[in-house]
Amino acid sequence: MLKLGVGAVDDGQREAALALGYSDVKAFFRIILPQAIPHFLPVYKGEVVALIKATAIVGYIAVQDLTKMGDIIRGRTYEAFFPLIVVAIIYFILGALMTFAVGRIEKMINPKRRKRESILKGVKTDD
C-alpha cells in the first residue's frame, strides 16, 4: 500500500527536493510521504480493521483469550449468552477504537481539514 502511494507521487517531486538540497531520506519524509499518505491511508484504514478481525495474531491471542474467559465465566455462572454478548461487545469496541485511531490520523493529514497555520508551520509567509 505504501509503495503504491509513493508511486502515485510524481518523480518530479523527488527531483525538486534533491535540487533544493534535501538528502534522499529527508526528501522522502518531508516531501514525498506527506503527498503519498492520502493515497494509501483509506485502504490502510480498512486493512487495520481486517487485521484485527481476521489475522492469526488476533485469532490466537485476543479472541482466544476473550473466548476462553467467556467459557470460564459461563462454566462458573451457568449463563450461556451473557458472557458471549460481553465478548462480542469487547471485540466490537476493539475494532471501533482502531478504526477511530486511523480515521483521526486521516483527518490530521488532510490539508482541506487543517488550518492554514498548521500546514505552513515553519514556512515564512511574510515575504
Side-chain angles (χ1 to χ4, degrees):
M1 290 181 286
L2 179 62
K3 185 177 179 180
L4 291 173
V6 170
V9 178
D10 189 35
D11 286 337
Q13 297 290 328
R14 185 177 79 65
E15 293 171 5
L18 295 176
L20 289 172
Y22 285 100
S23 66
D24 284 335
V25 174
K26 200 170 186 180
F28 178 76
F29 284 107
R30 293 249 176 138
I31 307 294
I32 298 169
L33 187 62
Q35 294 179 45
I37 288 175
H39 292 285
F40 71 85
L41 198 60
V43 177
Y44 184 71
K45 183 178 180 181
E47 288 295 322
V48 166
V49 174
L51 178 75
I52 289 174
K53 292 179 180 177
T55 62
I57 295 171
V58 172
Y60 289 113
I61 296 173
V63 175
Q64 187 176 18
D65 289 343
L66 288 174
T67 307
K68 183 67 174 171
M69 291 305 294
D71 288 342
I72 290 170
I73 293 169
R74 188 172 43 193
R76 289 184 183 172
T77 62
Y78 298 110
E79 291 186 28
F81 294 111
F82 182 71
L84 293 175
I85 291 171
V86 171
V87 167
I89 290 171
I90 292 171
Y91 190 60
F92 177 75
I93 290 171
L94 183 64
L97 285 174
M98 291 303 292
T99 303
F100 174 76
V102 176
R104 184 86 173 146
I105 293 170
E106 190 175 12
K107 286 180 184 176
M108 284 178 10
I109 60 110
N110 188 353
K112 292 179 182 176
R113 306 193 97 178
R114 290 171 36 200
K115 293 182 180 175
R116 186 172 192 261
E117 295 82 26
S118 67
I119 294 172
L120 298 176
K121 183 179 176 183
V123 177
K124 294 180 182 178
T125 59
D126 55 350
D127 290 341

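Heavy atoms only: backbone and side chains are in, while hydrogens, waters and symmetry mates are out. Keep in mind it's a predicted model, so treat the numbers as computed, not measured.
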same_hphob_cluster([X], [Y]) at 4.5 Å side-chain heavy-atom cutoff:
{"X": "V9", "Y": "F29", "answer": "yes"}
{"X": "V43", "Y": "M98", "answer": "yes"}
{"X": "F100", "Y": "I105", "answer": "no"}
{"X": "L41", "Y": "L4", "answer": "no"}

Test log, rule side chain to side chain contact (heavy atoms under 4.5 Å, CB included), inputs R14 and D24
CA-CA 8 Å; R14 185 177 79 65; D24 284 335; 4.2 Å; yes

Just jot down the side chain to side chain contact (heavy atoms under 4.5 Å, CB included) partners of I85, sequence neighbours excluded, or say none.
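Once residues adjacent in sequence are excluded, the partners of I85 under the side chain to side chain contact (heavy atoms under 4.5 Å, CB included) criterion are F81, I89.
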
Indicate the atoms forming the closest heavy-atom contact of G5 with F40, along with that distance.
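Here G5 and F40 meet closest at CA-CD2, 4.2 Å.
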
Grab the two heavy atoms, one from I31 and one from A17, that are nearest each other, plus how far apart they are.
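Reported closest heavy-atom pair: CG1-CB, 3.7 Å.
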
So which pairs with a foot in residues 28-41 pass side chain to side chain donor-acceptor pair (under 3.5 Å), sequence neighbours left out?
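Non-adjacent pairs meeting side chain to side chain donor-acceptor pair (under 3.5 Å): Q13-Q35.
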
Quick one: CD1 on I32 to CD1 on I37, what's the gap to the nearest 0.5 Å?
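I32 CD1 to I37 CD1: 12.0 Å, rounded to 0.5 Å.
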
